[in-house]
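Everything on this sheet refers to the single structure shown next.
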Amino acid sequence: MTAPLVVVDHPLVQHKLTLMRKKDTSTASFRRLLGEIAMLIAYEATRDMRLRAEPIETPLAPMTGAVLDGKKVVLVAILRAGLGILDGMLQLMPSARVGHIGLYRDPRTLEPVEYYYKVPGALEDRAVLVCDPMLATGNSAVAAVTRLQGSRPASLKFVCLLACPEGLRRFHGAHPEVPVFTAAVDERLNDHGYILPGLGDAGDRMFGTK
Ligand code: URA
């Protein structure tokens, strides 16, 4: 079974993504646009949230409303670029719990090495959304999801801004049951592990570190 790939091709998302891709877009605009797109992708990625009936009174009449059921969602950012998606999602879900996973690439083996891991406890009852803007080689995404699966969350989804065929193959090869939500699937990965045409280094562009 191959997990679904959801490309959020809403015109607002595509317009904002094109602005982000432009090389002259400022750090401030890049960060703001990433937050806005993250909100719109979060809207799709949370479509299956459970609701329960709640009797309420409007100023005019009693009625039965609907409110979110179950434990709060957990948003997990892969450091550091995942923080940009996290900020946008938190605007939409301010009560969400938050986890962070820090991974760096070992220059010798090129494998991801974990240097930080802090996530909320009792994930068994919670839906987890893992955030990282670029699904490039897929190695960090696979490592993060593998680590989280150890805590047996109620559900897991991966949310990014851009993916590429190589990253999707690697990710779904390891985690065929985890859906991926993205704004676009680009052409390919280059020899340095960057997505083409892509948008460059998401972390550097978000934090102005280059
Ligand atoms: N990480 C980035 O920031 N950009 C890419 O294109 C690939 C990985």
Side-chain angles (χ1 to χ4, degrees), residues 5-9 13-14 16-42 45 75-89 99-117 129-148 157-175 178 180-210:
L5 167 68
V6 179
V7 179
V8 183
D9 58 358
V13 171
Q14 297 307 312
K16 289 172 191 291
L17 175 58
T18 300
L19 297 180
M20 291 186 77
R21 288 182 190 273
K22 290 185 181 179
K23 64 181 182 192
D24 293 329
T25 295
S26 70
T27 299
S29 300
F30 189 92
R31 206 183 293 145
R32 177 180 49 77
L33 289 161
L34 180 58
E36 290 170 1
I37 294 180
M39 269 195 266
L40 295 164
I41 297 180
L75 306 176
V76 175
I78 301 181
L79 299 174
R80 70 184 161 148
L83 294 173
I85 295 207
L86 174 69
D87 287 347
M89 291 210 170
H100 296 91
I101 300 183
L103 299 163
Y104 72 89
R105 197 199 301 204
D106 183 303
R108 203 172 38 84
T109 63
L110 302 184
E111 287 301 314
V113 179
E114 186 182 296
Y115 65 87
Y116 189 76
Y117 184 84
L129 299 180
V130 184
C131 316
D132 195 1
M134 311 299 274
L135 183 59
T137 62
N139 290 339
S140 311
V142 168
V145 167
T146 302
R147 182 73 149 91
L148 286 160
K157 290 175 186 164
F158 187 82
V159 175
C160 58
L161 175 69
L162 278 186
C164 61
E166 296 88 338
L168 284 166
R169 264 198 303 277
R170 165 93 176 93
F171 184 77
H172 277 150
H175 297 296
V178 179
V180 172
F181 292 79
T182 185
V185 179
D186 273 12
E187 205 179 304
R188 67 181 176 91
L189 209 57
N190 74 8
D191 293 342
H192 305 285
Y194 280 88
I195 294 175
L196 290 179
L199 46 72
D201 188 297
D204 280 343
R205 295 202 61 187
M206 196 186 316
F207 297 115
T209 42
K210 206 157 196 177

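Both counts, for ligands and for their atoms, begin at 1 and track the order of listing. These values consider heavy atoms only, across backbone and side chains, with no hydrogens, waters or symmetry-generated copies.
Cation-pi geometry between Arg147 and Tyr117 is satisfied (NZ or CZ under 6.0 Å from the ring centre, within 45° of the ring normal).
Listed by number with element, the atoms of ligand 1 under 4.0 angstrom from any heavy atom of Ala202 are 2 (C), 3 (O). Listed by number with element, the atoms of ligand 1 under 4.0 Å from a non-hydrogen atom of Gly193 are 7 (C), 8 (C).
At a 4.0 Å heavy-atom cut-off, ligand 1 touches Ala136 through the side chain alone.
Contact of the Gln14 side chain with the Asp9 side chain is registered, since non-hydrogen atoms from C-beta on lie closer than 4.5 Å. Inter-residue side-chain proximity for His172 and Val180 is flagged as met; some heavy-atom pair is nearer than 4.5 Å. Side chains of Leu168 and Thr182 form no contact here, defined as non-hydrogen atoms less than 4.5 Å apart. Using a 4.5 Å heavy-atom cutoff, the side chains of Lys157 and Val6 are not in contact.
Given atom 5 (C) of ligand 1, the protein heavy atom at minimum distance is Tyr194 CD2, 3.3 Å. The nearest protein atom to atom 2 (C) of ligand 1, hydrogens excluded, is given as Met134 CG, 3.5 Å; this is a heavy-atom distance. The protein non-hydrogen atom at the shortest distance from atom 6 (O) of ligand 1 is Ile195 N, 2.8 Å.
Proximity of a side-chain donor or acceptor of Glu187 to a complementary backbone N or O of Cys164 within less than 3.5 Å is not detected.
Heavy-atom separations between Gly200 and ligand 1 include at least one value shorter than 4.0 Å.
Remark: ligand 1 and Gly203 share no N or O pair separated by less than 3.5 Å (distance only, no angle test).
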